[in-house]
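Numbering of ligands and ligand atoms starts at 1, following listing order. Computed from heavy atoms alone, side chains included, the values below leave out hydrogens, waters and symmetry copies.
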Amino acid sequence: MQHHKRPPASLLFIFGGSGDLNHRKLSPALYNLFIDNWMPDKFSIVGIGRRPYSNDDYRKHLLDGIQQFSRRKGEQNGKWATFSQNVSYLQMDASNEADYQKIADIVKEKEQEFGEHPNVIFYMAVAPQLVPDIASKLGPLNICSDTKCTRIVVEKPFGHDLKSAHELNQLLSSMFDEKQIYRIDHYLGKETVQNILALRFANALFEPIWNKNYIEHIQITAAETVGAEGRGDYYESSGALRDMVQNHILQLMCMIAMEAPVSFEADEIRNKKVDVLNAIRRISPEEVQKYAVRGQYSDGWMKGKQVAGYRQEKNVAPNSTIDTFAAVKFYIDNWRWQDVPFYVRTGKRMNQKSTIITVQFRPAPFYAFPPEAAETWRPNRLTISIQPEMDIRLRFQAKRPGQSMTLNPVDMIFSYKDSYDEEEPEAYETLLLDVMEGNATLFMRSDQVEAAWKVIMPILETWEARPPVDFPNYAPDSWGPEDAEALIARDGHNWVNLPIQKQSNSTASVGSK
Ligand code: BG6
């Protein structure tokens, strides 16, 4: 058993306790933290929902989620019995102010049981439109003014646009101190995403060349094979740009582009990230067409299975103009990145599930090799695979074995699976532990969220003002609309798609497409 400092006593209220996020992600994460001995010595988890559940039935419901969705299936040698004793269900109507007294009573009861005042954490795993109402009813509860121990966790989407995000920030800050507010972006909890900081700032090798002098362009792809997944009602008011670019992709861009922090204090890291967001060049409405491409999937075939088009999905309008694909070319106006394009794309029903970041270096300044040596010559490239494979590859030229001088691109690969035996925690495990510990480094500050909205607002507004005429415009199992290829091809580049199968040793290059 590992020995490490565990968080202080914690009482976790999960609004949306009978919902999907808790079933698939939160309770498996909390149970895994328990198995790994990271949960506090004293803790209690209270699921809050409208549906009637006895405590026993609720625990059964959560165990079912763990069996289906956890990285560890099953009960883990009887640990479930101990863990689940700390889980209960509170049926209440979150819109009824009087019901909130029940929460205050539970806090008092647990305080007595624990013999100390625990962290009190309110997790908003509910539809975004319910958050303001719940938060304003929580505000007056005595416990919320305790800035050290009381925390509120807010899931994305954080607002629907800049205005609503700003209003939500104002509402929350009228009741909670910024230090109490944890805005989740689950990508920041992923191991490979955190490793970007280690790669860049724990090695002397990369930072000197991490700038416009050596880097030609950067790509970020977050592709998914799933479609609307029954979330049509949410997705219809969102779309790919809001759902993935405003948050996850811009956060990845910040990790790649930020300046070196002087410490690992939460605010220091967040200051450096917000600098990136503030430096992203605003795209004017007239230029949106040049810099951004949207798409929507049609019906078709996905790995041998017939699938519906977006417009035929449940709770989706038959003439919906919502984007299920978005690609954007960004620039960051600062000394480090001036004129280096950042191409980003994301889409549903794409050819493979993969999130990768590609750093394309500039070509060697001079090439002394004979022309026949250089037929397959490619500039250096660093590829960071976030998921499903977790690896980092550096492409460089090598001499092919044989009597002639022929060059060939090869990859040097660091693979998590080959290098470490430990199974990596899920993002939600890392983030929930951070909330209990009171570490906000991986969470979004109010100014970060608003700065990210400012970046995408011109695109959103232009798209909304000019409905697309060509939707649906890409087939399932593809890489999105043709215009997305043109967006990058105009600059003489290709999107990089990695082969899905794993390569464990240094192998021939994966090619440029
Ligand atoms: C969520 C989006 O934030 O991220 C979903 O709302 C998307 O639409 C999901 O499917 C992707 O997350 P991951 O971790 O599977 O890449």
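- Remark: ligand 1 atoms within the under-4.0 Å shell around heavy atoms of H186 are 1 (C), 3 (O), 4 (O), 12 (O), 13 (P), 14 (O).
- Taking every non-hydrogen atom of K348 and a distance limit under 4.0 Å, the qualifying atoms of ligand 1 come out as 5 (C), 7 (C), 8 (O), 10 (O).
- With T221 contributing its side chain and A223 its backbone, the two residues share no donor-acceptor pair below 3.5 Å.
- For S173, there are no side-chain contact (heavy atoms from CB on, under 4.5 Å) partners, not counting sequence neighbours.
- For T355, the closest heavy-atom approach to ligand 1 does not fall below 4.0 Å.
- For ligand 1, the polar-atom distance check finds an N/O of H248 within less than 3.5 Å of one of the ligand's N/O atoms.
- Checked for salt-bridge contact, D161 and K163 miss the test: no charged N lies under 4.0 Å from a carboxylate O.
- Listed by atom number, the atoms of ligand 1 under 4.0 Å from K156 heavy atoms are 1 (C), 2 (C), 3 (O), 6 (O).
- Of the heavy atoms in R231, only side-chain atoms (C-beta onward) come closer than 4.0 Å to ligand 1.
- With hydrogens left out, the protein atom closest to atom 16 (O) of ligand 1 is Y187 OH, 2.4 Å, a heavy atom.
- The closest approach between K353 and ligand 1 falls below 4.0 Å for a heavy atom of the residue.
- The side chain to side chain contact (heavy atoms under 4.5 Å, CB included) with M39 is formed by just one residue from the set L432, L433, L33; it is L33.
- Remark: ligand 1 atoms within the under-4.0 Å shell around heavy atoms of D243 are 2 (C), 5 (C), 6 (O), 8 (O).
- From the protein, the heavy atom lying nearest to atom 14 (O) of ligand 1 is K190 NZ, 2.5 Å.
- Ranking protein heavy atoms by distance to atom 10 (O) of ligand 1, first place goes to E224 OE1, 2.5 Å.
- Partners of E216 under the side-chain contact (heavy atoms from CB on, under 4.5 Å) rule, at least two apart in sequence or in another chain, are Q360, R362, P363, H493.
- Salt bridge D243/K156: present, at least one basic N to carboxylate O contact under 4.0 Å.
- Taking 4.0 Å as the cut-off between side-chain N and carboxylate O, R242 and E464 count as a salt-bridged pair.
- For D20 and R231, the salt-bridge test fails: no basic side-chain N is under 4.0 Å from an acidic carboxylate O.
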